[in-house]
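Input: a single structure, listed below in structure tokens.
Here is how names work: the chains are called A, B, and so on, in the same order as the sequence lines, proteins then strands, and each is numbered from 1. These numbers come from the heavy atoms of this one structure, side chains and all, not from hydrogens, waters or symmetry mates.
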There are 2 protein chains.
Amino acid sequence: MLQRLLFNTAQPVPIKDMPLFAGLAESERDSLLKEGRFCSCPRKKILFRQGDPVTHFYVVCSGTVRLFHETPDGCEITTDIFTVGDTICEMEIFQFCNAHFSHAEAVHDVVLIEFPKLWLEEKIQQHKMILRNMLTVLARRTILREAEVERQATMSALQLVACFLQHMVVAHDLDARGFELPYSKSLIATRLGMELETFSRSWSKLRGIGIAVKGKNVQINNPSAVEQHVCGRCSFMEHCRV
Amino acid sequence: MLQRLLFNTAQPVPIKDMPLFAGLAESERDSLLKEGRFCSCPRKKILFRQGDPVTHFYVVCSGTVRLFHETPDGCEITTDIFTVGDTICEMEIFQFCNAHFSHAEAVHDVVLIEFPKLWLEEKIQQHKMILRNMLTVLARRTILREAEVERQATMSALQLVACFLQHMVVAHDLDARGFELPYSKSLIATRLGMELETFSRSWSKLRGIGIAVKGKNVQINNPSAVEQHVCGRCSFMEHCRV
DNA sequence: CGATCGTTTGATCCGCATCAAGATAGGTGG
DNA sequence: CCACCTATCTTGATGCGGATCAAACGATCG
């Protein structure tokens, strides 16, 4: 059943793609996962809300989860989009936050495994491998965040979109020569911190650097041209394969 | 000598302010620190450069260190400003990066303790307290970064400056009714991701919400007015004391 | 077939970057 | 002590990118 749920998704999850369990034997990983409780969450449902007490740690088995903040004046910022293998809430737990600082919402139907937050505290003490992985996950999150700040500060909307598409191809293992966007354009726009209109207007300009978009379908015809157009701005990641 | 260097700074360092050693007895902390090597770094000197191999882990004893990225087209982004008690390079180490992705430069004359990067790996295995603190430090960094992304996305230049000044008062334990900026305006501007001109122009508008600036001197006359002007945008931190 | 959701396109406006020129202050040497 | 210099900051004028408001368009669905 565990295997079925973990692997019977659109994209199978190789063990290397569960960062928290990297380097563990498959059997060992599965027995750890069995200590948690499955829970499913239909599309659009809120998993937890900003301000709710932090009680669990989650591993995503399938589907997509969106984390977002809501400012008092009603503006929403999507801060993360999580898919298979990602972990949720480790930051709140290690920072001793007793309340969530983001809302979490299911974008597509989601299945996740939940663990009491104490479980995580125990595992990092017991398993050196889990500890090491946890540190790497946290470090990685910070680095990605830093890259994001840098991009937001130096890149135009056009470049942000091009960069996002490139990253998506890698992260979702898509064929650059023709693929479907895995989620809605509005979601991507909020993730990139821009208005839907601005996002939409970028298509015509993107054609200029060899990216054709029609509906949900995207074709990146000339990856190197894109690279060249964007790379002048996207600097430091090259020093660190993440 | 250790004590002198650690405490003979403009602002003494209470043990609570060294996040990596929080909860340790003073003696225990000092004996750990003695395993490192002191090294001093005069103003303007580069501690390490983007792309340099990662060899050490650092704890700041005094002075101010600026981390910044440099994009291929020459634009500089200040990503962090570190002072007494802060740790540098844990992210690179835990992410197994073999090259620095930031430049590090001494803003004021700096004294730091350096440890081989293996030292850090060993200590987190040996000391449960250090491990716990390390996780907290990493989680905290990520959260602060996230807050930064949110601020950059939702706040105007004016609000960013007001917010920064408020944070600085808390972080440096200053008297809001009248204090000197601890570093240059240009540095602050690059840290806030805005041009010096924009930063400069904010003074006149800040007067409108009760903040008077003359040279390096700042007076926040009406903290609650500032709070009100900014808080509508600065949301999620209230759920998490960091 | 209308209704709703998600997206595109158009027109306008504002904030910040940019370029350019002055102002202030700290430091040095005569 | 003053003249000069350089670093740092302020102020002014202008232009562009993206937000905002508004309306049309296309798909999906009951």
Side-chain angles (χ1 to χ4, degrees), chain A residues 43-44 64 66 71 73-78 105 107-108 150-165 180-208 211-218 229-230 233, chain B residues 43-44 66 71 73-78 105 107-108 150-165 180-208 211-218 229-230 232-233:
Chain A
R43 179 181 137 79
K44 294 262 180 192
T64 315
R66 171 174 88 109
T71 57
D73 57 0
C75 168
E76 284 187 4
I77 319 276
T78 299
E105 181 195 52
V107 174
H108 307 119
E150 176 172 328
R151 280 197 297 267
Q152 295 283 349
T154 59
M155 306 198 344
S156 70
L158 175 65
Q159 291 173 313
L160 284 170
V161 174
C163 202
F164 181 85
L165 291 176
E180 303 274 302
L181 293 174
Y183 17 77
S184 78
K185 293 182 177 177
S186 354
L187 175 56
I188 300 175
T190 66
R191 181 68 188 77
L192 291 177
M194 67 183 68
E195 295 305 310
L196 179 57
E197 293 93 323
T198 309
F199 185 64
S200 208
R201 275 184 243 277
S202 68
W203 305 138
S204 55
K205 299 179 200 160
L206 281 172
R207 204 147 298 136
I211 299 181
V213 179
K214 187 162 184 82
K216 272 187 148 3
N217 190 276
V218 181
H229 202 264
V230 164
R233 295 306 193 144
Chain B
R43 180 179 137 81
K44 295 262 180 190
R66 170 173 90 110
T71 57
D73 57 0
C75 167
E76 284 187 5
I77 320 274
T78 299
E105 181 196 52
V107 174
H108 306 120
E150 176 172 328
R151 281 197 296 268
Q152 295 283 350
T154 59
M155 305 196 347
S156 69
L158 174 65
Q159 291 173 312
L160 283 170
V161 174
C163 203
F164 181 86
L165 291 176
E180 303 274 304
L181 292 175
Y183 18 75
S184 78
K185 293 183 178 177
S186 3
L187 176 56
I188 300 175
T190 67
R191 183 71 242 282
L192 292 176
M194 66 182 70
E195 294 305 311
L196 179 58
E197 293 93 323
T198 309
F199 186 65
S200 209
R201 275 183 242 278
S202 68
W203 305 139
S204 55
K205 300 179 199 161
L206 281 171
R207 204 148 296 136
I211 299 180
V213 179
K214 188 163 183 80
K216 272 188 147 4
N217 190 276
V218 180
H229 202 265
V230 163
R233 296 307 193 143

Compare every heavy atom of [Y] with every heavy atom of [X], then report the nearest pair and how far apart it is.
X        : Y        : result
A:Val107 : A:Arg43  : O-CG, 3.3 Å
A:Glu180 : A:Asn217 : OE2-ND2, 3.1 Å
B:Val161 : B:Ser202 : CG2-OG, 3.8 Å

(message) Output the rounded distance in Å from CD (A:Glu180) to P (C:dT7).
(response)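 Atom CD in A:Glu180 sits about 13 Å away from atom P in C:dT7.
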(message) How many whole angstroms separate atom CD of B:Gln152 from atom P of D:dA19?
(response)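 The distance from CD of B:Gln152 to P of D:dA19 comes to 14 Å, rounded to the nearest Å.
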Extract all donor-acceptor atom pairs below 3.5 Å that involve side chains of residues 181-195 of chain B and protein atoms in other chains or at least two apart in sequence.
residue  : atom : partner  : partner atom : Å
B:Ser184 : OG   : B:Leu187 : N            : 3.2
B:Lys185 : NZ   : B:Gly215 : O            : 2.8
B:Thr190 : OG1  : B:Thr78  : OG1          : 2.7
B:Thr190 : OG1  : B:Leu187 : O            : 2.9
B:Arg191 : NE   : B:Thr78  : O            : 3.2
B:Arg191 : NE   : B:Thr79  : O            : 3.4
B:Arg191 : NH2  : B:Thr79  : O            : 2.9
B:Arg191 : NH2  : B:Glu148 : OE1          : 2.8
B:Arg191 : NH2  : B:Glu148 : OE2          : 2.8

Distances under 3.5 Å between protein N/O atoms and the N/O atoms of nucleotides 6-9 of chain D, please, pair by pair.
residue : atom : partner  : partner atom : Å
D:dC9   : OP1  : B:Lys185 : N            : 2.8
D:dC9   : OP2  : B:Ser186 : N            : 3.2
D:dC9   : OP2  : B:Ser186 : OG           : 2.4

(message) Each nucleotide in nucleotides 13-27 of chain C should get exactly one letter: B, S or -. Can you fill that in based on protein heavy atoms under 4.0 Å?
(response) ---SSBBB-------
(request) Sugar-phosphate means primed atoms, P, OP1 and OP2; the rest is base. With that split, encode nucleotides 23-30 of chain D 5' to 3' as B, S or - using protein heavy atoms under 4.0 Å. (result) --------
(message) Measuring from atom OG of A:Ser204 to atom CZ of A:Arg207, what distance do you get when rounded to the nearest 0.5 angstrom?
(response) 7.0 Å
(request) Output the distance between atom CG (A:Leu196) and atom CZ (A:Arg201), rounded to the nearest 0.5 Å. (result) 10.0 Å
(request) With axes from five pairs an end, tell me the bend angle of the helix from C:dC1-D:dG30 to C:dG30-D:dC1, nearest 10°. (result)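 Its terminal axes enclose an angle near 30°.
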(message) My understanding is that only residues two or more places apart in sequence, or in another chain, count here; which of them pass salt bridge (charged side-chain N to carboxylate O under 4.0 Å, His left out) with B:Glu197?
(response) none
(message) Closer than 4.0 angstrom, basic N to acidic O: yes or no for B:Arg66 and B:Glu105?
(response)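 Yes, B:Arg66 and B:Glu105 are salt-bridged.
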(message) Just so I know, are the side chains of B:Leu206 and B:Trp203 near enough to count as touching, which here means a heavy-atom distance under 4.5 Å?
(response) yes
